[in-house]
Amino acid sequence: SGLADGIDSAAHRGCLKGGTPTVAVMGCGLDRVYPVANRGLYEDILEGDGLLVSEYAPGEKPFGWHFPVRNRIISGLSDAVLMMECRVRSGSMTTVRHALDQGRDVYAYPGESGTPWSEGAHQLLRDGAAYFTSATDILEDLGCLDKKDISVQNNVCSKQESLLTPSQQKTVDALKNGMQSFDQLLASTGAEAAELSVRLTYLQLKGIVTAYPGKQYELTV
């Protein structure tokens, strides 16, 4: 990823936490840290057997035009590109175009319909990008999981479900009848909209519930 603030940093930190070497492709010389706030992450990547890559000479400043140009290196080094959130016109969509030109797989997370940050992913899904809602979806699709791994994932979900609060369990029980919209869940659980949103977010993070476009939800298989 690109060592930028936000999801780039989260991706690098996730790799480091999981013991997986990570590659940061920079938009400036390797002797500069941009953003400056990520100096700690910069050093952690080196200490964690990761790699810092740049096509710019030492001392080169992080000019704005460098970043969309360097994105072709990010996609070129990758087996697949994962789109989480972006506008239709953005550096992230530039990365996707590079990935498609390079024959890489492209995955898009649907996000919430009608929000500007979901526009890019929704366009990609309409154009045929692969849909995903969890890391398991991607790993399985790329052939990185076998049946034993999937079985372990399912067992983890079962154990997590046993630790739910009564209100969270009520939402899970409502979904045992099949996929439901947000409005249907409001009616079947009797929850307030804000409260239900919090429950669903928690259940998605735990891998118990899967969200689909149009605010549709179902239990993760």
Side-chain angles (χ1 to χ4, degrees), residues 1-2 4 6-18 20 22-23 25 71 74-88 90-158 160-161 171-172 175 178-182 185 197 199-221:
S1 202
I7 196 162
D8 289 52
S9 298
H12 291 306
R13 290 194 177 96
C15 287
L16 292 170
K17 186 177 180 180
T20 301
T22 182
V23 179
V25 182
N71 287 353
I74 294 176
S75 58
L77 291 172
S78 304
D79 290 325
V81 170
L82 317 181
M83 171 60 70
M84 291 298 296
E85 290 184 338
C86 76
R87 296 177 182 273
V88 172
S90 65
S92 296
M93 289 295 277
T94 300
T95 307
V96 167
R97 286 193 288 273
H98 288 313
L100 294 173
D101 289 341
Q102 294 161 341
R104 301 298 187 262
D105 291 327
V106 175
Y107 294 84
Y109 182 79
E112 184 176 351
S113 179
T115 60
W117 297 109
S118 294
E119 290 176 353
H122 287 174
Q123 177 174 307
L124 290 175
L125 290 169
R126 288 194 297 271
D127 292 343
Y131 174 95
F132 82 98
T133 58
S134 70
T136 303
D137 293 341
I138 298 164
L139 293 172
E140 186 175 358
D141 193 52
L142 293 176
C144 299
L145 289 180
D146 58 27
K147 292 183 178 179
K148 180 180 177 181
D149 296 319
I150 297 169
S151 176
V152 169
Q153 289 279 348
N154 290 336
N155 288 337
V156 169
C157 288
S158 297
Q160 288 174 339
E161 187 174 336
T171 305
V172 169
L175 288 169
M179 182 180 291
Q180 292 195 39
S181 68
F182 188 84
L185 285 171
S197 292
R199 288 186 207 170
L200 289 169
T201 299
Y202 176 85
L203 293 170
Q204 289 173 70
L205 290 173
K206 290 297 183 181
I208 297 172
V209 167
T210 298
Y212 295 96
K215 300 185 76 171
Q216 301 284 328
Y217 302 88
E218 72 173 356
L219 294 180
T220 303
V221 177

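Position 1 is the first residue of the sequence, and the numbers go up from there. Because only heavy atoms are used, hydrogens play no part in the values below, and waters and symmetry mates are left out as well, while side chains stay in. What you see is a predicted model; the values in this text were computed from it and never measured.
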Worked check of side chain to side chain contact (heavy atoms under 4.5 Å, CB included) between I208 and V172 = CA-CA 8 Å; I208 297 172; V172 169; 4.1 Å; yes

For residues A129 and A108, report the shortest heavy-atom separation together with the two atoms involved.
->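 Looking at all heavy atoms of both residues, the closest pair is CB-CB, 4.3 Å.
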
Closest heavy-atom pair and its distance - H12, T22 =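 Closest pair (atom of H12, atom of T22, distance): ND1-OG1, 2.9 Å.
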
Under a 4.5 Å cut-off applied to non-hydrogen side-chain atoms, are [X] and [Y] in contact?
{"X": "V96", "Y": "L124", "answer": "yes"}
{"X": "M93", "Y": "S90", "answer": "yes"}
{"X": "L200", "Y": "L185", "answer": "yes"}
{"X": "Y109", "Y": "L125", "answer": "no"}

Between Q216 and S181, is a side chain to side chain contact (heavy atoms under 4.5 Å, CB included) present by the stated rule, with each step listed?
-> CA-CA 4 Å; Q216 301 284 328; S181 68; 3.4 Å; yes

Testing the 3.5 Å rule here: is there a donor-acceptor pair between the side chains of [X] and [Y]?
{"X": "S75", "Y": "R104", "answer": "no"}
{"X": "T94", "Y": "R97", "answer": "yes"}
{"X": "T220", "Y": "T210", "answer": "yes"}
{"X": "S118", "Y": "T115", "answer": "yes"}

Is [X] reaching over with its side chain to a backbone N or O of [Y], donor-acceptor style, under 3.5 angstrom?
{"X": "S78", "Y": "I74", "value": "yes"}
{"X": "H122", "Y": "P110", "value": "yes"}
{"X": "D8", "Y": "G2", "value": "yes"}
{"X": "S1", "Y": "A11", "value": "no"}
{"X": "T20", "Y": "L16", "value": "no"}
{"X": "E85", "Y": "W117", "value": "no"}

Can you tell me how far CG of L100 sits from CG of D127, rounded to the nearest 0.5 angstrom?
->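 With rounding to 0.5 Å, CG (D127) is 9.0 Å from CG (L100).
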
Rounded distance [0.5 Å steps], NE2 in H98 versus CG in N71 |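 Going from the NE2 atom of H98 to the CG atom of N71 covers 6.0 Å.
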
How are the rings of F182 and Y217 set to each other: parallel, tilted or perpendicular (split at 30° and 60°)?
->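 Because their plane-to-plane angle lies in the 30° to 60° range, the rings of F182 and Y217 count as tilted.
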
Are the aromatic rings of Y131 and Y212 close, with centres under 6.0 Å apart?
->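 Yes; Y212 has its ring centre under 6.0 Å from that of Y131.
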
Tell me, with the steps shown, if M84 and F132 meet side chain to side chain contact (heavy atoms under 4.5 Å, CB included).
-> CA-CA 10 Å; M84 291 298 296; F132 82 98; 3.5 Å; yes

Going through the checks in order, is the side chain to side chain contact (heavy atoms under 4.5 Å, CB included) test met by D105 and D79?
-> CA-CA 7 Å; D105 291 327; D79 290 325; over 6 Å; no

